[in-house]
Chemist: 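Just dropping this structure here.
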Amino acid sequence: MSSEQLVTYNPHDLLWGLTPQHLAADAPAWVQAALARCAPVVVRRAVTEPGWVAVGVRGVAREERFATFMRLANVQRRVSPQAVAQAERWMQHAHREWPAVRALQALAPHFNAEGLCWGVTGSLGFELASGLSAAHPASDLDVLIRAPQPLSRAWAQTLCSWLDGMPSPVDVQLETPYGALALREWANGAARVLLKCNSGPLLVSDPWAAEQAVA
């Protein structure tokens, strides 16, 4: 088994190594420009062939998002959302007064004290990991929590209430073994919730039990 087959790439991981030369000739100019500045790509959810990973390219503008695929053999470096959280580079951020940065400063000690396996995603996570400008003063804070075991709705409701006091809106995704769901949707108590899977979105009654998934 090759070394690349031993590595598992998860949604929201940032990967370096995709270059403009790896793209189709008709790729938008902004995608070429993003990769030319050595920007990482973001692992996304999709079914792929062996030896490939589904990724997305971020542009400067919010609407600039490009879906493509990357050969595992071309991956030179990976930074996970958890690694971004552990590095705590927001402590040296040039704009520590931004609401999303202040929210991150406030929730990090709380999440760590709870023993959560969590990470930073979205524009702020991209910026903290790559050093490339991506966030702005009005950016929300995007966070994921690895949840291999079921989390109660009561726990989710308590966490949501606490997050409501943050300086910035905080979007938390719970990553179960079968996909991801929004913390707030789980807290709301609906009979079925939307689970984002590699094969597409599913409505499920229990996000930790794959056999209960229904289309």
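Remember, predicted model here, so these are calculated numbers, not experimental data. The first residue of the sequence shown is numbered 1, and numbering continues consecutively from there. Worth knowing before you read on, the calculation uses all heavy atoms, side chains too, and leaves out hydrogens, waters and symmetry mates.
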Chemist: Test: ring-ring contact (aromatic ring centres under 6.0 Å, His included). Region: residues 17-69. Which pairs qualify, not counting sequence neighbours?
Modeler: none
Chemist: Output every pair passing salt bridge (Lys or Arg N to Asp or Glu O under 4.0 Å) with a member in residues 69-87, not counting sequence neighbours, ordered by first then second residue.
Modeler: Asp13-Arg78
Chemist: Could you go through residues 166-176 and list every donor-acceptor pair under 3.5 Å that involves a side-chain atom there, pairing it with any protein atom two or more places apart or in another chain?
Modeler:
residue: Glu175; atom: OE1; partner: Arg45; partner atom: NH2; Å: 3.1
residue: Glu175; atom: OE2; partner: Arg45; partner atom: NH2; Å: 2.6
residue: Thr176; atom: OG1; partner: Tyr178; partner atom: N; Å: 3.1
residue: Thr176; atom: OG1; partner: Gly179; partner atom: N; Å: 3.3
residue: Thr176; atom: OG1; partner: Gly179; partner atom: O; Å: 3.0
residue: Thr176; atom: OG1; partner: Pro207; partner atom: O; Å: 3.1

Chemist: For the pair Arg96 (side chain) and Met91 (backbone), establish whether a donor and an acceptor sit closer than 3.5 Å, ignoring hydrogens and angles.
Modeler: yes
Chemist: Does Trp186 have any ring-ring contact (aromatic ring centres under 6.0 Å, His included) partners at least two apart in sequence or in another chain, and if so, which?
Modeler: Trp208
Chemist: Could you pull out all residues at least two apart from His136 that satisfy ring-ring contact (aromatic ring centres under 6.0 Å, His included)?
Modeler: none
Chemist: Is it true that Val143 and Leu14 fall in one hydrophobic cluster, defined by side-chain heavy atoms closer than 4.5 Å?
Modeler: yes
Chemist: Rounded to the nearest 0.5 Å, how far does CG of Leu183 lie from CG of Leu151?
Modeler: 8.5 Å
Chemist: Any pair with a residue in residues 177-190 that passes salt bridge (Lys or Arg N to Asp or Glu O under 4.0 Å), sequence neighbours left out, goes on the list, sorted by first then second residue, please.
Modeler: Asp164-Arg184
Chemist: Ring pair (Phe, Tyr, Trp, His ring centres under 6.0 Å) for His95 and Trp98? Distances and angles first, verdict last.
Modeler: CA-CA 6 Å; His95 299 285; Trp98 285 0; 4.5 Å; yes
Chemist: Any chance you could lay out the side chain to side chain contact (heavy atoms under 4.5 Å, CB included) test for His93 and Leu128, step after step, and finish with the verdict?
Modeler: CA-CA 8 Å; His93 196 278; Leu128 292 171; 4.0 Å; yes
Chemist: With sequence neighbours left out, which residue pairs that include part of residues 148-174 fulfil the ring-ring contact (aromatic ring centres under 6.0 Å, His included) condition?
Modeler: His110-Trp162
Chemist: Hey, any chance Val79 and Ile145 share a hydrophobic cluster, counting ILVMFWY side chains that come within less than 4.5 Å of each other, even indirectly?
Modeler: yes
Chemist: For Ala191, enumerate each residue passing the side-chain contact (heavy atoms from CB on, under 4.5 Å) test, keeping only those at least two apart in sequence or located in another chain.
Modeler: none
Chemist: For the CG atom of Asn188 and the CD atom of Gln157, what is their distance to the nearest 0.5 Å?
Modeler: 8.0 Å
Chemist: Check the pair Leu203, Val193 against side chain to side chain contact (heavy atoms under 4.5 Å, CB included), reporting the backbone distance first and the verdict last.
Modeler: CA-CA 5 Å; Leu203 283 175; Val193 294; over 6 Å; no
Chemist: What's the separation between atom CG in Leu18 and atom CD in Gln76, rounded to the nearest 0.5 Å?
Modeler: 10.0 Å
Chemist: What's the verdict on side chain to side chain contact (heavy atoms under 4.5 Å, CB included) for Leu144 and His12, showing C-alpha distance, side-chain angles and the deciding distance?
Modeler: CA-CA 9 Å; Leu144 68 79; His12 303 291; 3.7 Å; yes
Chemist: Check side-chain contact (heavy atoms from CB on, under 4.5 Å) between Ser199 and all other residues, then give those that pass, not counting sequence neighbours.
Modeler: Val47, Cys197
Chemist: Show which side-chain atoms of residues 116-126 pair as donor or acceptor with protein atoms under 3.5 Å away, not counting sequence neighbours.
Modeler:
residue: Trp118; atom: NE1; partner: Asn112; partner atom: OD1; Å: 2.9
residue: Thr121; atom: OG1; partner: Asp142; partner atom: O; Å: 3.4

Chemist: Can you sort out the partners of Ala87 under side-chain contact (heavy atoms from CB on, under 4.5 Å), two or more places apart, ordered by chain and number?
Modeler: Arg89
Chemist: Please list, one pair per line, the donor and acceptor atoms closer than 3.5 Å that link side chains of residues 36-44 to other protein atoms, with sequence neighbours excluded.
Modeler:
residue: Arg44; atom: NE; partner: Val55; partner atom: O; Å: 2.7
residue: Arg44; atom: NH2; partner: Thr68; partner atom: O; Å: 3.0

Chemist: So Leu15 and Tyr9, side chain to side chain contact (heavy atoms under 4.5 Å, CB included) or not? Walk me through it.
Modeler: CA-CA 9 Å; Leu15 307 180; Tyr9 297 105; 3.6 Å; yes
Chemist: Quick one: pull up CG in Asn74 and OG1 in Thr19 and give me the separation to the nearest 0.5 Å.
Modeler: 7.0 Å
Chemist: Could you state the interatomic distance from CG (Leu104) to CG (Leu141), rounded to the nearest 0.5 Å?
Modeler: 5.5 Å
